[in-house]
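Okay, so here's the structure we're looking at.
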There are 2 protein chains.
Amino acid sequence: MIEAGYLFQQKGYHGVGLSQILERAGVPKGSLYHYFPNGKADLALAAADVAATEVLRIIDASFETAKDYQEGVTTFCYKLAKYFDIHEGKIGCPVSATLLGGPDDAAFRDALKGIFEKWMARITAHAVRLGQPAPDAALNAQRLFLSLEGSWTLARAQRNADVIRNLPSLVC
Amino acid sequence: MIEAGYLFQQKGYHGVGLSQILERAGVPKGSLYHYFPNGKADLALAAADVAATEVLRIIDASFETAKDYQEGVTTFCYKLAKYFDIHEGKIGCPVSATLLGGPDDAAFRDALKGIFEKWMARITAHAVRLGQPAPDAALNAQRLFLSLEGSWTLARAQRNADVIRNLPSLVC
DNA sequence: ATAGGAATAGACCGGTCGGTCTATATTTAG
DNA sequence: CTAAATATAGACCGACCGGTCTATTCCTAT
């Protein structure tokens, strides 16, 4: 399941074959269609959901111990850069590659939209908690999010996470 | 050729079939493999190159008539938002979808890296020409580029170009 | 101990994929 | 006018795609 997510993130929805996923996960086809009757599409949505929740967890872990917003952003970007490096620079935003690359389906689009909103809301909440005025907090969270998505893309093109690590100085 | 580019941009490298491209372009297979002996991969690289050059043209058109950097950014984002709307919100960054979704190939990655660098260099040059100090100009160009990539992604998820139109107030 | 549902296992299917190849049409050069 | 080069056209290929289906194994409740 998590392994499946990595493959989707690396190669995009249409870039991985079902057989490749199943082989890597060590699971036969029967089991997949037992748990996910709609097959690949369901699997991709589930994998994106797992990845999205993991990012939320990283956001919390980064901001909870921070004494101000900037420090939280710095920790957050550092953690994501490390995640990027672990996967050898092949993985960008863990959800957009999976969902935007998939079928042109309302369910996929809405899922992605919802995930992005959750991320920004969570960052905004931490910013407010750390003393930012509410309107600034929302703007800064959006700034961070948009730049982060861009950094993921650029980092993949460069096979180098430095642009992610330098993000805090760019958006704070 | 240009039509092929749109398809790649919408559906990603693996999301379009060769036959679909050829049908839409009204071209038989023989012609494709006459001009692009390496088939789909060559075609994708060429399509990305065409799209990248078009973006450069849009950058120039936006900044040449502007009286300051902010005005150029505003015009630029407006033009891109219009492009986004024309394609019914299905097209994001015209090169990353084509190239990042493709095979895990150094040629693809390097092409993408080169395109991104060209874009940022061009924006930086305009910023300098419009009176920004050189170090600020490069930073602002990167800020704009990263946020723009993010906006393209978010705009697709939302099927709405507003986030692109609001970009100038976020990065200037 | 055993009946019955849940889960595993993978053979199998039609369709489509990217790519090759031969035959025909069109243009260019002498 | 004709021969050679260039470009068009699409039938055809093996491989692999996502998905279905049947057979078997595993677990659990009685």
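Just so we're on the same page: letters track the sequence lines, and every chain starts at 1. Because only heavy atoms are used, hydrogens play no part in the values below, and waters and symmetry mates are left out as well, while side chains stay in.
The cluster map of Ile, Leu, Val, Met, Phe, Trp and Tyr, joined by side-chain heavy atoms under 4.5 Å apart, puts I58(A) and F63(A) in the same cluster. The cluster map of Ile, Leu, Val, Met, Phe, Trp and Tyr, joined by side-chain heavy atoms under 4.5 Å apart, puts V128(A) and V73(A) in different clusters. L130(A) and Y78(A) fall into different hydrophobic clusters, where Ile, Leu, Val, Met, Phe, Trp and Tyr residues are linked whenever their side-chain heavy atoms come under 4.5 Å apart, directly or through other members.
Heavy-atom distances under 4.0 Å link DNA chain D to no residue of residues 36-49 of chain B.
Regarding L32(A), its CG atom lies at a distance of 11 Å from the P atom of dG18(D), rounded to whole Å. We find that OH of Y33(B) is positioned 16 Å from P of dT22(C), with the value rounded to whole Å. For H34(B) and dT8(D), the NE2 to C1' distance is 9 Å, given to the nearest whole Å. Rounded to a whole Å, the CD atom of E23(A) is 12 Å from the P atom of dG10(C). Taking atom NE2 on H14(B) and atom C1' on dG18(D), their separation rounds to 16 Å, with Å as the unit. Here the C1' atom of nucleotide dG15(C) and the CG atom of L18(A) are 15 Å apart, to the nearest Å. The distance from atom CD1 of I21(B) to atom P of dG10(D) is 18 Å, rounded to the nearest whole Å.
More than 12 heavy atoms of other shown residues, nucleotides or ligands fall within 6.0 angstrom of atom CD in E54(B).
Remark: Y69(B) OH to D136(B) CG distance equals 10.5 Å, nearest 0.5 Å. Atoms CG and OG, on L167(A) and S147(A) in that order, are 5.5 Å from each other to the nearest 0.5 Å.
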Query raised in the report: How does each nucleotide of nucleotides 22-27 of chain D score, in 5' to 3' order, for protein heavy atoms under 4.0 Å: base (B), sugar-phosphate only (S), or none (-)?
Result: ------
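Paired with L154(B) under the rule side-chain contact (heavy atoms from CB on, under 4.5 Å), one option of K113(A), E117(A), M120(A), E149(A) passes, and it is M120(A).
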Donor-acceptor pairs under 3.5 Å, side chain of residues 84-97 of chain A to any protein atom, not counting sequence neighbours: which ones?
from   : atom 1 : to      : atom 2 : distance (Å)
D85(A) : OD2    : R165(A) : NH2    : 2.6

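Mapped onto DNA chain D by nearest heavy atom, G30(A) and S19(A) fall at different nucleotides, with S19(A) at the one closer to the 5' end.
Residue K29(A) places its side chain closer to dG19(D) than to any other of dT20(C), dG10(C), dG19(D).
Within the 4.0 angstrom heavy-atom criterion, only backbone atoms of the sugar-phosphate kind lie near G17(A); the bases stay farther away.
Taking the six-membered ring where the residue is Trp, Y13(A) and F108(A) present perpendicular rings, their angle passing 60° and hence far from 30°.
Residue Y35(B) places at least one side-chain N or O under 4.0 Å from the OP1 or OP2 atom of dT8(D).
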